[in-house]
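Here you go, one structure.
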Amino acid sequence: MANKDHTDPARMEKIVSLCKRRGFIFQAGELYGGLNGVWDYGPLGAELKRNLKDFWWRKTVQERDDVLGMDGSILTMEQVLVSSGHVGGFSDPMSECMLSKVRLRADQVPAQNGRIYWYSGADLLGRKIDREFAVLANFPKEGRNQAEAKAFRFYFDALSPEEQEFVKKFANDNEGLKTLKPIFDREEDVVDTTRFNPANGSLLSEPRDFELMFKTNMGATGDAIAYLRPETAQSIFVQFKNVLDSNRIKLPFGIAQIGKSFRNEINPRNYIFRSREFEQMEIEYFCHPDDGLRLTDEWLETRLSFYEEIGIPREKLHINDIPDGERAFYSKKTYDIEYEFPFGVQELEGVAYRTDYDLGVHQKGAGKPLEYFDEETKQRFLPHVVEPSAGCDRTILALICEAFDEETLTDDKGKEDVRTVLRFKPALAPVKVGIFPLLKKNEEQVRIARGIQKSLQKWMTVSYDDGGAVGRRYRRQDEVGTPFCVTVDFETLGEEKPELKGTVTVRHRDSMEQERMEISALLPWLLERVR
RNA sequence: GCGGGCGUAGCUCAGUGGUAGAGCGCCACCUUGCCAAGGUGGAUGUCGUGAGUUCGAAUCUCAUCGCCCGCUCCA
């Protein structure tokens, strides 16, 4: 049952389990204990992902006149990311408040004056807790008591739950005993210190750099540094001029790219939803400044229809119109497209109007003009850009979550049975058709089934299975979302009803219904349904 | 990164200091004329990893890795 807040952890657990059991998704390096925030796609996951990327490419590049594809490098020059603002701007040293655990940007802590009370540790009934702590008080006369109370809290928080219970018991007994005593070390007056949290006077931890990009070395000596790209977008901006010059294309037009990006996320969470290595499907759509806002709305609609086409219904999507003040400073309009995952409503894609920020910074950074000259209006200007940027792995997860279904069936005897089925759209399904001989001991059935496998394999992913009863094989295919199964049976051989010779049973995943079909009609029938 | 919870077979889990288990799944054979049938047999684990305590550790201690939840972060 889903909670009010749209979360359903039990459902999510079943999905994760199925994904591993049937080979959709594995944790990277699992054999060695696992690598945090990195995932591998198994055989079926790889098929599903390829289908999604192919479908996106077809809809975005192949079926449009105004979008061209490219495939940029992952290794990225430092200068590119300096211009874009990724280097420098987004690796601020952070300090953490030792009392409240709040994290502050070290360079934004205001300078303060006052008296510092240093504690070298604490005494828990003779046992020494050896951790330094300090409190800054702005009123030296009263400061020591306040400081001591805060120090007490700091050391209390550091205790194990059992020790905390123990200390609490004594405190409540009102015996005047302090079982936990901060050990006062020294006091000093300071001017302009930035090592203390202005909110509570607590000592801050040493500033730490939070490196949000992956850096690597290049060249024989390794002196040159490069970064793994944090987004696919930058290579598009950097190659904008080359694409424009090498293709006879006019504004407005877009450049699309699918590829890996890397962010050293502080805290990867929610299965493959937020990972450190992930794949993006991005479009940078360049246009005249006057058209930016209108095109942003148009792209939002285009993208929403895309999700509908791949099987994510509109009512499960939420559009978040990011208000003024919460958008990136360069963006004039941003929509987040969010999906109701079992762990909450989370972003699938952002459609952002980025103005001319990106081309602007690269034009300045590289010192080369990136302006566009419009022959008709004789205008020269820096194009604006609308960026629909989708997370490929997130969409995969949404597809699986949306497809996952547990259907309760009741047989003739009234016995209940749960059928697990992934209701993928056929175009996305990792396997399009399962092919079975009714009985694997029947050589003729096996021969024909193998022949069907061979003829269909050129066109689509198929799965041949002769293990166990046919009903079990149907259910195995249901569980990985195969939309159709073909069974070669005794009618195929024309044993009792000669008029059925050369026909097979086609079984539908969603309805479990069956129909008979000529073997020769299979390929066109399937091709019509699996694209 | 912080706090809490957890880690035993492919999956779900039982096992609180004394010979590692169950259900499901998987493999083989038999059986099987259309929706997880049945029978027989079988494989699978350094009990996340590494140290320590102990005569003896899945079990106790420490460290480490990973997962989940809450903060935090998310260009």
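Note: hydrogens, waters and symmetry copies are ignored here, and every other heavy atom, side chains too, is used.
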For nucleotides 39-50 of chain B, 5' to 3', base contacts (B), sugar-phosphate-only contacts (S) and non-contacts (-) with protein non-hydrogen atoms under 4.0 Å give ------------
Work out how far the P atom of U46(B) is from that of C55(B), and round it to whole angstrom.
28 Å
- Query: Going by distance alone, is a donor N or O of one side chain under 3.5 Å from an acceptor N or O of the other, for His318(A) and Glu340(A)?
  - Reply: yes
Taken to the nearest whole Å, CG/Leu18(A) to P/G25(B) is 15 Å
Residue pairs passing the side-chain hydrogen bond (donor to acceptor under 3.5 Å, both in side chains) test with at least one member in residues 490-502 of chain A, sequence neighbours excluded, are Asp489(A)-Thr492(A)
Assess, by modelled atom type and distance only, whether the side chains of Asp356(A) and Tyr330(A) contain a donor and an acceptor separated by less than 3.5 Å. no
note: Gln477(A), atom CD; G25(B), atom P; distance rounded to Å ~ 16 Å
The correct set of residues in residues 383-407 of chain A placing a heavy atom under 4.0 Å from RNA chain B is none
Scanning all shown strands, the Watson-Crick or wobble mate of A22(B) with both distances under 3.5 Å is U12(B)
From CG of Asn264(A) across to C1' of G1(B) the rounded distance in Å is 12 Å
Margin query: Within the 4.0 Å heavy-atom criterion, would you say Phe273(A) contacts the bases, only the backbone, or no part of the nucleic acid?
Written below: nothing
Could you measure between the two P atoms, the one in C73(B) and the one in C2(B), and give it in whole Å? 16 Å
Distance between the C1' atoms of A63(B) and G21(B), in whole angstroms?
30 Å
**Study point:** Separation of the C1' atoms in U8(B) and C47(B), to the nearest angstrom
**Key:** 4 Å
When rounded to whole Å, the CD to P distance for the pair Gln514(A) and C35(B) reads 8 Å
Contacts of Phe24(A) meeting ring pair (Phe, Tyr, Trp, His ring centres under 6.0 Å) (sequence neighbours excluded), chain-then-number -> none
So salt bridge (Lys or Arg N to Asp or Glu O under 4.0 Å) across residues 435-445 of chain A, not counting sequence neighbours, yields Glu444(A)-Arg447(A)
Quick note, salt bridge (Lys or Arg N to Asp or Glu O under 4.0 Å) partners involving residues 27-39 of chain A, not counting sequence neighbours, are Lys20(A)-Glu30(A)
note: Phe343(A), atom CZ; C69(B), atom P; distance rounded to Å ~ 9 Å
Taking for Leu409(A) and for Arg263(A) the nucleotide of RNA chain B with the nearest heavy atom, the one nearer the 5' end belongs to Leu409(A)
Across all chains, not counting sequence neighbours, the side-chain contact (heavy atoms from CB on, under 4.5 Å) partners of Arg450(A) are Val446(A), Gln453(A), Tyr464(A)
Separation of G25(B) atom C1' from Arg475(A) atom CZ, nearest Å, is 15 Å
Checking C34(B), A36(B), C67(B) against the side chain of Tyr474(A) (C-beta onward), the nearest is C34(B)
Those residues at least two apart in sequence (or on a different chain) that pass ring pair (Phe, Tyr, Trp, His ring centres under 6.0 Å) with Phe273(A) are Phe341(A), Phe343(A)
By the Watson-Crick or G-U definition, both distances under 3.5 Å, G45(B) is matched with none
- For C67(B), does either OP1 or OP2 sit under 4.0 Å from a side-chain N or O belonging to Asn36(A)? yes
* Asked: So what does Gly37(A) touch, heavy atoms closer than 4.0 Å: a base, only the sugar-phosphate, or nothing?
  -> sugar-phosphate
- If you measure from the Lys or Arg side-chain nitrogens to the Asp or Glu carboxylate oxygens, is any gap between Arg263(A) and Glu277(A) under 4.0 Å? no
Quiz item: Closer than 4.0 Å, any side-chain N/O of Gln27(A) to the OP1 or OP2 of G66(B)?
Solution: no
CG (Asp510(A)) and CG (Asp405(A)) are apart, to the nearest 0.5 Å, by 9.0 Å
Give me, pair by pair, the N or O atoms of the protein and of nucleotides 8-10 of chain B that are less than 3.5 Å apart, along with how far apart they are.
none

Applying the 3.5 Å cut-off to both distances, the Watson-Crick or G-U partner of A58(B) turns out to be none
Self-check item: G45(B) versus A9(B) - spacing of their C1' atoms, nearest Å
Solution: 6 Å
Just by distance, no angles: are the side chains of Gln257(A) and Ser235(A) close enough, under 3.5 Å, to form a donor-acceptor pair?
yes
What's touching nucleotides 26-32 of chain B from the protein side, N or O pairs under 3.5 Å?
unit_1, atom_1, unit_2, atom_2, d
C26(B), OP1, Arg476(A), NH1, 2.7
C26(B), OP2, Arg472(A), NH1, 3.0
C30(B), OP1, Lys441(A), NZ, 3.3
C30(B), OP2, Lys441(A), NZ, 2.9

Taken in chain and number order and not counting sequence neighbours, the residues that satisfy side-chain contact (heavy atoms from CB on, under 4.5 Å) with Arg529(A) are Phe484(A), Trp525(A)
Using Watson-Crick geometry (N1-N3 plus N6-O4 or O6-N4) or G-U wobble (N1-O2, O6-N3), each under 3.5 Å, C2(B) is paired with G70(B)
(Q) Could you check whether the side chain of Arg507(A) and the base of C35(B) have a donor-acceptor pair of N or O atoms closer than 3.5 Å, going by distance alone? (A) yes
Comparing nearest nucleotides in RNA chain B, the 5'-proximal residue of the pair Arg516(A), Arg274(A) is Arg516(A)
Checklist entry - Under the side-chain contact (heavy atoms from CB on, under 4.5 Å) criterion, do Leu409(A) and Met512(A) qualify, and how do the steps go? => result CA-CA 11 Å; Leu409(A) 303 173; Met512(A) 296 172 71; 3.8 Å; yes
Taking every heavy atom of Phe436(A) against every heavy atom of Ala449(A), the minimum-distance pair comes out as C-CB, 4.2 Å
| Integer angstrom distance from the P of U53(B) to that of U59(B) | 15 Å
Once you apply a heavy-atom cut-off of 4.0 Å, does Tyr271(A) come out as touching a base, just sugar-phosphate, or nothing? sugar-phosphate
> What interatomic distance, in whole Å, is found between C1' of C27(B) and the corresponding atom of C35(B)?
Replying inline: 23 Å
To the nearest angstrom, the CE-C1' distance between Met12(A) and U12(B) comes to 17 Å
Quick note, Phe490(A) side chain, CB onward, closest among G33(B), G66(B), C34(B) is G33(B)
Paired to C29(B) by Watson-Crick or G-U wobble criteria (both distances under 3.5 Å) is G39(B)
Distance col, row Gln239(A):CD vs Met70(A):CE, nearest 0.5 angstrom, shows 5.5 Å
Legend entry - Span that lies between the P atom of U44(B) and that of G39(B), in whole angstrom: 23 Å
Could you tell me whether Thr505(A) contacts a base, only the sugar-phosphate backbone, or nothing, with contacts defined as non-hydrogen atoms closer than 4.0 Å? base
At under 4.0 Å between heavy atoms, what does Glu495(A) touch on the DNA or RNA strands: base, sugar-phosphate, or nothing? base
Taken in chain and number order and not counting sequence neighbours, the residues that satisfy ring pair (Phe, Tyr, Trp, His ring centres under 6.0 Å) with Phe237(A) are none
The nucleotide from C69(B), G33(B), C35(B) with an atom nearest the side chain of Asn270(A) is C69(B)
**Asked** Centres of the Trp39(A) and Phe278(A) rings: under 6.0 Å?
**Response** no
